[in-house]
Amino acid sequence: MSRTEQLTQAKGAEGRSPGRWLALSVLVLAVLLVAVDATVLGLATPALSEDLKPTGTQLLWIGDIYSFVIAGLLVSMGSLGDRIGRKKLLLVGATAFGAVSVLNAYATSPEMMIIARALLGVAGATLMPSTLALIRNIFHDPKERSLAIGIWGATASAGAAVGPVVGGALLQHFWWGSVFLINLPVMIVLVIVGIKLLPESENPVAGPWDLFSVGLSLVGIIGVVYAVKQVATRGMGWEVWAAAVIGAGALYTFVRRQFTLPAPLLDMRLFKHRGFSGAVLADLLTVFGLSGLVFFLSQFLQLVQGRDPLEAGLAELPAAVGAVVTGLVAGKYAREYGVRALVTGGLAAIGIALAALTVIHKETGYPLLGAALLIVGLGAGFSFTVTADVILSSVPKEQAGSASAVSETAYELGAALGIALLGSVVTGVYQGFTAPASVTGPVADAAHESLGGAVEAARSLDPQTAQQMLGAAQEAFVDGLRLASGVGAAVLLATAVAAWFLLKGQELQDGIEH
């Protein structure tokens with residue numbers, strides 16, 4: 001037997017080592033860490049608003065600064081993991097994520113909370129690309145990798161379910177900051193077990209880490225997203241134009257620079273693969289359509305329908321359950337029925353479910369909400385799992401970190417834009433409500449900032465006036481939520497059509513890779 005054949009057999013045996021599933025269990029803990037953090041914030045928003053008293057703009061920044069920063073750094077961190085080792089970056093990032101969670105828990109002002117969320121974004125940017133890249137390098141059999149990615153995605157969905165329920169239970173007995181402290185035990189287990197079980201992997205020929213490209217990526221994405229957010233909320237102004245020009249210029253320079261570097265931070269040639277580009281676009285627009293809705297749905301359940309935090313968390317479970325179920329079987333069905341059929345069908349299902357939410361009102365019963373959330377989860381489980389598989393299988397494993405980072409950047413950028421634009425739709429409609437004539441001055445201003453502000457302001461009014469003001473505020477909030485759902489539905493249905501064409505002929509791999 002030749003030396004090449006011996007190495008090939010050894011590599012195949014390594015790919016089938018039982019230890020790979022134990023290693024996966026550590027990776028999904030990191031996913032759980034990020035997913036839980038993302039979902040508990042929405043649930044804690046009413047209590048946080050009451051305590052810190054942020055303005056409507058500050059509240060949106062608290063919601064989306066994490067996504068802004070993480071989106072700006074994901075490509076850089078994915079590339080860094082390729083260079084210094086994905087295991088090393090994951091463990092360092094997990095430790096930092098846990099530590100900064102404590103800072104979030106004990107924030108004492110809106111400004112401090114925004115800074116803490118930004119720092120959490122820096123730490124979070126190290127986690128997701130590392131987990132997907134390690135899966136790409138641990139699982140050499142494409143069918144096993146599809147299952148591993150399904151488990152990875154299902155865990156994210158489970159985290160989305162566990163977060164609201166556990167967070168709701170905590171909010172019943174403790175202050176809002178306690179929802180961030182649940183990250184600590186997960187982080188501790190991840191680091192201790194990860195040191196023992198995770199194999200190290202890196203790109204041996206990745207070259208130096210270009211710090212100038214890192215800065216361009218961060219400035220470009222934050223500049224563009226900030227400009228979009230400000231246009232949606234306040235219209236055009238000189239500072240918005242400046243942010244847009246600086247951001248677009250930085251991104252243009254970043255792309256041009258990558259073509260000239262011998263070891264680019266991001267290999268732009270990846271986008272020449274139609275399946276890769278189509279999957280990335282599908283992820284970005286899907287999350288865009290979903291994120292603004294999810295961010296405000298917890299407020300609807302609590303501040304409009306009067307559910308307590310735990311009940312609101314349980315009410316959101318169907319979406320996570322649906323995503324877990326379909327995520328685990330997505331790879332199998334994609335091989336049977338085709339990638340584009342599954343992704344297009346998943347996106348269309350989400351769009352139809354969002355369209356159904358355009359008819360909700362204050363007294364809407366839970367069956368409609370629960371059914372819509374379940375369909376959203378089923379569609380997202382199919383779409384996200386298959387697109388993640390397509391993105392990873394489209395590139396050599398040495399570039400797994402960069403490819404994973406592109407996937408996660410699309411996800412986080414979509415979330416940031418969704419919260420900024422769809423959130424601004426809700427806020428813009430909400431702020432137009434008419435308060436009772438007797439409500440003036442600072443009380444009226446606070447009520448128009450956010451629905452949480454209206455609930456707080458109502459406590460200083462007589463019961464009849466408070467009821468009138470809250471009724472008008474709640475109706476305006478629901479009007480905004482209906483409009484945002486309609487916009488999200490249109491985006492998802494258009495994305496489904498685009499995916500049908502972009503993913504034509506795309507198939508998942510079969511057979512062991514060598």
Side-chain angles (χ1 to χ4, degrees), residues 28 31-32 34-36 38-40 42-43 146-168 279 282-283 285-298 300-301 307 311-334 336-337 339 341-360 364-389 411 414-415 418 485 488-489 491-493 495-496 499:
V28 298
V31 177
L32 189 68
V34 177
V36 166
T39 54
V40 296
L43 198 68
S146 292
L147 178 59
I149 292 172
I151 293 172
W152 177 88
T155 304
S157 300
V162 170
V165 175
V166 174
D283 280 355
L285 293 179
T286 301
V287 178
F288 171 88
L290 286 173
S291 57
L293 173 74
V294 171
F295 182 72
F296 284 97
L297 190 59
S298 289
F300 171 79
L301 292 170
R307 303 175 192 269
E311 187 181 1
L314 291 171
E316 295 176 9
L317 274 177
V321 171
V324 168
V325 171
T326 52
L328 291 176
V329 298
K332 177 178 180 292
Y333 287 156
E336 290 182 9
Y337 303 109
V339 166
L342 225 63
V343 174
T344 300
L347 295 174
I350 300 171
I352 292 170
L354 291 182
L357 293 179
T358 60
V359 301
I360 64 172
T364 294
Y366 183 72
L368 174 61
L369 292 174
L373 287 168
L374 178 61
I375 294 172
V376 164
L378 292 171
F382 278 132
S383 178
F384 285 137
T385 304
V386 176
T387 52
D389 205 336
Y411 188 97
S485 298
V491 169
L492 264 297
L493 293 173
T495 306

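Keep in mind it's a predicted model, so treat the numbers as computed, not measured. Side chains included, hydrogens not; waters and symmetry mates left out as well; all remaining heavy atoms used.
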Contacts table for residues 324-334: side-chain donor-acceptor under 3.5 angstrom, sequence neighbours left out:
from	atom 1	to	atom 2	distance (Å)
T326	OG1	G322	O	3.0
T326	OG1	L378	O	3.0
K332	NZ	E336	OE2	2.9

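- Across all their heavy atoms, A348 and A496 have their closest contact at N-CB, 3.9 Å.
- When all heavy atoms are compared, the tightest approach of G379 to A349 is CA-CB, 4.4 Å.
- A side-chain donor-acceptor contact under 3.5 Å links T358 to the backbone of A355.
- To the nearest 0.5 Å, the span separating CG on L368 from CG on L373 amounts to 9.5 Å.
- Here the CG atom belonging to L285 is positioned 12.0 Å from the CG atom belonging to L493, to the nearest 0.5 angstrom.
- Partner of V339 under the side chain to side chain contact (heavy atoms under 4.5 Å, CB included) criterion, chosen from T344, T387, V386: V386.
- The number of heavy-atom neighbours closer than 6.0 Å to OH of Y337, taken from other residues, nucleotides and ligands shown, is 12 or below.
- For the residue pair G370 and P318, the shortest heavy atom distance occurs at O-CB, 3.7 Å.
- From L369, atom CG reaches atom CG of L301 across 6.5 Å, with rounding to the nearest 0.5 Å.
- When every heavy atom of A380 is checked against every heavy atom of I350, the shortest pair comes out as N-CD1, 3.6 Å.
- Between the side chain of T385 and the backbone N or O of G381 there is at least one donor-acceptor pair closer than 3.5 Å.
- A 4.5 Å side-chain heavy-atom check between I375 and I352 finds every atom pair outside the cut-off.
- Here CZ of F300 is found 9.0 Å from CG of L357. Values are rounded to the nearest 0.5 Å.
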